[in-house]
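Below, all heavy atoms of this structure are taken into account, side chains as well, without hydrogens, waters or symmetry copies. In what follows, chains are A, B, ... by sequence order, proteins preceding strands, each numbered from 1. Since the model is a prediction, treat every value here as computed from it, not as a measurement.
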Protein chains: 4
Amino acid sequence: MVGGAVRTRRLPRAERERQMMDAAVRVFGRQGYRGASMDEVAELAGVSKPLVYLYLKSKEDLFTACIRREARALTEAVRGGVGDAALPADRQLWEGLHAFFRYTAENPDGWAVLHVQARTHGEPFAAEVAAMRAELVVFVTQLIAVEARAAHRDPDLPEREVAGLAQALVGAAESLAAWANTTEGISARQAAATLMNFAWAGLGNLIAGRPWTPPPT
Amino acid sequence: MVGGAVRTRRLPRAERERQMMDAAVRVFGRQGYRGASMDEVAELAGVSKPLVYLYLKSKEDLFTACIRREARALTEAVRGGVGDAALPADRQLWEGLHAFFRYTAENPDGWAVLHVQARTHGEPFAAEVAAMRAELVVFVTQLIAVEARAAHRDPDLPEREVAGLAQALVGAAESLAAWANTTEGISARQAAATLMNFAWAGLGNLIAGRPWTPPPT
Amino acid sequence: MVGGAVRTRRLPRAERERQMMDAAVRVFGRQGYRGASMDEVAELAGVSKPLVYLYLKSKEDLFTACIRREARALTEAVRGGVGDAALPADRQLWEGLHAFFRYTAENPDGWAVLHVQARTHGEPFAAEVAAMRAELVVFVTQLIAVEARAAHRDPDLPEREVAGLAQALVGAAESLAAWANTTEGISARQAAATLMNFAWAGLGNLIAGRPWTPPPT
Amino acid sequence: MVGGAVRTRRLPRAERERQMMDAAVRVFGRQGYRGASMDEVAELAGVSKPLVYLYLKSKEDLFTACIRREARALTEAVRGGVGDAALPADRQLWEGLHAFFRYTAENPDGWAVLHVQARTHGEPFAAEVAAMRAELVVFVTQLIAVEARAAHRDPDLPEREVAGLAQALVGAAESLAAWANTTEGISARQAAATLMNFAWAGLGNLIAGRPWTPPPT
DNA sequence: GATGAATGAGATTTCATTCAT
DNA sequence: AATGAATGAAATCTCATTCAT
């Protein structure tokens with residue numbers, strides 16, 4: 001599983017491509033776009049460099065392909081985690097965050113590609129991630145709006161304000177993900193709970209001893 | 001201020017070093033560590049490459065020096081913004097965030113070096129930034145603890161929980177900083193207000209129509 | 001006729017080879033020997049690369065085969081154009097030139113392979129073209145000799161002199177061919193006439209023993 | 001003189017550039033643009049590859065620089081050879097050709113770059129040579145026109161016809177140059193004489209209004 | 001008769017870094 | 001205090017060629 005593996009010969013293209021992208025995600029995630037070398041990717045994938053170029057065209061294309069694959073996987077994980085759209089908004093948010101933290105814990109390299117590396121290298125790459133991020137922001141935004149309506153209040157939060165809140169929430173989640181993944185003994189569940197407390201109840205309520213409580217598993 | 005400047009000859013070392021680091025921050029901030037070239041730095045600083053090496057030893061050392069300088073400047077800006085430690089905790093937090101958003105808006109390259117580039121390139125660099133971040137986290141942590149005490153409650157929030165909250169807050173702030181700096185018409189003040197609402201009052205309160213209100217200027 | 005064609009399956013070898021060589025002549029003619037890639041040839045021929053290798057062994061062999069085929073086609077076109085060997089020498093020369101210009105106009109890629117590319121890549125290839133050129137030179141030489149005899153003069157033009165003249169004639173023809181093929185509105189006929197004007201009287205004088213004499217050094 | 005020479009250290013830039021271009025002309029002239037490798041050029045020049053890139057930017061730029069230098073040298077040699085513009089036209093032509101053959105004999109690699117290699121690699125390069133060639137063609141064209149006037153004839157040779165003749169003459173010269181340079185014992189003087197013999201009488205007849213007339217189709 | 005899978009070797013180019021003055 | 005001259009090492013990418021079916 002670590003790679004540099006035995007050269008398995010004559011695989012069908014699809015499978016080889018997957019191998020290469022696995023290797024690429026790992027290398028890009030750890031070394032960054034410029035720091036990664038195609039030699040390293042090829043070696044980790046257990047193939048020769050020309051084959052990488054034959055299938056994935058160029059370093060840029062390979063990077064883009066990685067970003068797309070990882071972005072899709074992450075959003076699908078989050079959407080899948082949320083489950084029923086009929087649940088109350090806070091429950092939906094909780095489930096989404098839980099899924100998010102679970103996924104990033106299990107795919108640290110993929111997450112690093114998206115969160116750290118893709119943003120560092122010019123419009124084209126950043127745009128790919130921005131699109132994914134926007135999707136999550138929209139999801140969060142809707143939850144906030146739903147809740148506001150449920151509270152029989154006009155959605156008088158101005159749109160821009162809501163966008164800012166969503167940005168803050170997503171940013172907090174991203175930061176917590178990094179923290180949780182590098183701190184011994186922080187589970188996805190704990191990270192999600194912390195964030196819910198932070199965001200949903202607010203520090204003021206927390207301090208006053210009125211935390212938001214996660215649902216039982 | 002832009003550089004590529006006329007070659008001013010025979011400057012005292014301290015000043016030359018400052019010129020070089022200004023150039024370096026700009027180049028590192030925009031191109032990243034690997035993407036930056038010493039040629040570019042030297043040219044932008046208006047000196048020859050050997051001089052850069054004479055004064056700053058190596059690319060790594062130069063990068064480290066940039067990180068340190070920018071980290072110090074940022075923390076000083078935040079501490080200076082907070083002002084009187086006798087103010088109420090929420091007011092202190094507000095002032096700190098306001099200063100933070102002001103500073104990052106005015107020094108996008110320095111901020112990029114800290115936020116984006118330093119984390120991308122291995123322990124030694126990331127550690128520098130982590131130290132700065134820790135300082136901010138401690139600051140926030142103390143505010144939370146102070147507030148808890150002021151509410152005559154035991155600081156029974158476990159330490160780890162507080163650390164998580166601080167991480168979330170700092171992450172949200174970073175995310176909002178990026179958003180504010182790239183979205184037309186979002187001021188540092190607005191970003192700070194959004195974050196206070198998000199963090200202090202909580203989404204629940206916001207939705208219920210009980211926002212936190214920023215102090216008049 | 002243009003290629004990149006639909007993959008027609010299971011063709012007899014001779015025809016496949018022709019397809020490949022058509023493609024190769026085009027690619028070699030336009031990109032040169034080094035600039036041409038076997039991939040391009042295979043794609044243009046509508047077959048896979050291994051098949052090209054199976055039939056034509058190597059890039060060098062393929063190039064040589066192209067040169068031979070095109071050289072043969074060109075000399076045949078010229079000989080065919082001349083027609084009756086009983087015609088007067090100037091008429092024969094005229095017809096030959098006319099055929100030459102017609103052929104190069106119609107087969108620019110083949111002509112480029114011979115005239116430009118083959119000479120650029122080392123003895124083995126150049127020799128192939130030299131052989132063809134020699135054949136044309138012999139043909140011209142004979143015409144000159146015939147004419148000399150017809151003028152009742154000994155063919156006392158030294159052989160080397162005649163070879164030089166033939167070189168000049170062929171070079172002039174080649175140059176005119178390039179010019180005619182790239183200049184709007186110059187027909188093969190006009191090019192041939194220009195060359196006859198240029199060459200014939202000079203040759204006539206020579207044959208008649210009235211050379212132009214260089215000044216003393 | 002052969003190169004690969006001892007590494008002479010710390011030369012002024014101008015001199016190093018000359019060395020590099022000498023090497024490049026030799027390599028390009030013999031192997032062609034694609035066939036030449038920058039490694040080879042650097043080695044022959046006795047420097048490291050990066051220095052070649054530092055001074056001459058890229059393979060393309062280096063090639064262009066070679067073409068320009070050689071083209072200028074050749075035209076200057078021919079113009080210098082012609083000397084007095086008051087000489088009779090045939091004498092001027094003779095002197096020009098003589099100088100041309102002398103120069104190409106002494107600089108076979110430079111001549112190969114111009115005559116063979118530059119034309120093989122796309123517009124930008126070919127255009128450089130075309131410009132030089134055009135200059136020579138103009139020179140020849142003028143001589144022909146002068147002669148026509150001297151013969152008290154209207155310059156009723158249509159312009160296009162003259163251009164064709166000049167093309168033929170230059171092409172013949174180029175061809176003869178290649179021949180003379182590769183055939184043992186052909187001097188520049190002999191080559192020039194051959195071409196004058198070949199060309200001048202023909203031109204004379206034309207100018208005198210006695211063209212060779214093509215047979216009806 | 002024909003091809004998808006695969007690679008060794010080498011191309012151009014860039015970069016961090018040092019030497020000699 | 002400062003620089004012009006120079007390079008070792010490594011990066012991305014391409015190409016002619018073969019293997020197994």
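What separates CZ of A/Arg10 from C1' of F/dT21 is a distance of 9 Å, to the nearest Å. The nearest whole Å value for the distance from the CD atom in A/Glu40 to the P atom in F/dA9 is 19 Å. When the C1' atom of E/dA20 is taken as reference, atom OH of B/Tyr53 falls 18 Å away, rounded to whole Å. Distance A/Tyr55 OH to F/dC13 C1': 18 Å, rounded to the nearest Å. Taking atom CG of D/Leu11 as the reference point, atom P of E/dA20 lies 15 Å away to the nearest angstrom. As rounded to whole Å, 7 Å separates atom P of F/dA6 from atom CE of D/Met20. One can place CG of A/Leu54 at 14 Å from C1' of E/dT3, the figure rounded to the nearest angstrom. Atom-to-atom, CG of B/Leu62 to P of E/dT17 comes out at 10 Å; the value is rounded to the nearest Å.
Comparing C/Leu51 and B/Ser37 by the nucleotide of DNA chain E whose heavy atom lies nearest to each, the residue mapping closer to the 5' end is C/Leu51. Heavy-atom distances to DNA chain F give each of A/Asp39 and C/Lys59 a nearest nucleotide, and the one nearer the 5′ end belongs to A/Asp39. Toward the 5' end of DNA chain E, the nearer of the two residues C/Lys49 and B/Lys49, judged by each one's closest nucleotide, is C/Lys49.
Between the side chain of B/Lys49 and the backbone N or O of B/Glu43, no donor-acceptor pair lies under 3.5 Å. Side-chain N or O atoms of D/Lys59 include one that pairs as donor or acceptor with a backbone N or O of D/Ala36 at under 3.5 Å.
Considering only side-chain N and O atoms, B/Arg16 lies under 4.0 angstrom from the phosphate OP1 or OP2 of F/dA2.
The side chain of C/Ser58 approaches F/dT17 more closely than any other nucleotide in the set F/dT17, F/dA9, E/dA5.
The pairing partner recorded for E/dA6 is F/dT17, the criterion being a Watson-Crick or G-U wobble arrangement whose two distances lie under 3.5 angstrom.
Taking 4.0 Å as the cut-off between side-chain N and carboxylate O, C/Asp22 and C/Arg69 count as a salt-bridged pair.
Within 6.0 Å of CZ in D/Arg72 there are 12 or fewer heavy atoms belonging to other residues, nucleotides or ligands.
Nucleic acid contact class of D/Arg13 (heavy atoms, under 4.0 Å, all strands): sugar-phosphate only.
Looking only at atom types and distance, the side chain of D/Glu40 has a donor-acceptor partner in the side chain of D/Gln31 under 3.5 Å away.
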